[in-house]
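Contents: one structure, followed by commentary.
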Amino acid sequence: MRPITISFFVFAGLGGTAFASEKCSVPMADWQPREALETKLEAAGWDVLSIKAEDGCYEADAINAEGHKVEAFFDPQTFQFIVMQSSD
């Protein structure tokens, strides 16, 4: 039973990244600065650890307002939330 559980979580983690790359297809010229995303997340109560470009999206490693360490993906033009994975 344990290998099935581990396989499920590995698959779920990889699926989130694939999903993010399918949703982010904005030309670099239309991206907002990452500092603007950081400001938005901090205003929502997040403690931002880092923000980087990943598969055409912004990936934010942060501690969200609920105190959970997360990896969240955002559209770089609109900052629309795409997908989040918990690191806890």
* Which atom of Val26 lies closest to which atom of Gln77, heavy atoms considered ->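 Heavy atoms only, the tightest pair is CG1-CB, 3.7 Å.
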
* For the residue pair Val48 and Ala62, what are the closest heavy atoms and their distance? ->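 Nearest pair, atom of Val48 first, then Ala62: CA-CB, 3.9 Å.
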
Measuring from [X]:[atom1] to [Y]:[atom2], what's the distance to the nearest 0.5 Å?
| X | Y | atom1 | atom2 | value |
| --- | --- | --- | --- | --- |
| Leu49 | Lys69 | CG | NZ | 6.0 Å |
| Asp55 | Ser25 | CG | OG | 12.5 Å |
| Asp47 | Asp61 | CG | CG | 11.5 Å |

Taking the side chain as every heavy atom from C-beta outward, state whether [X] and [Y] have any pair of such atoms under 4.5 Å apart.
| X | Y | value |
| --- | --- | --- |
| Glu35 | Ile51 | no |
| Trp46 | Ile63 | no |
| Val70 | Gln85 | no |
| Cys24 | Ile82 | yes |
| Phe73 | Phe81 | no |

* Could you please spell out the steps behind the side chain to side chain contact (heavy atoms under 4.5 Å, CB included) verdict for Glu59 and Glu71? => CA-CA 7 Å; Glu59 176 188 329; Glu71 194 175 89; 3.2 Å; yes

* May I ask you to decide if Phe79's main-chain N or O and Tyr58's side chain share a donor-acceptor pair within less than 3.5 Å? =>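 No, the answer is negative, given that no donor and acceptor are paired below the 3.5 Å cut-off.
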
* Taking everything shown except Glu42 itself, do over 12 heavy atoms lie less than 6.0 Å from its CD? ->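 Result for CD/Glu42: enclosed.
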
* I would like to know whether Cys57 and Asp75 meet side chain to side chain contact (heavy atoms under 4.5 Å, CB included); could you show each step before the answer? => CA-CA 5 Å; Cys57 295; Asp75 179 288; over 6 Å; no

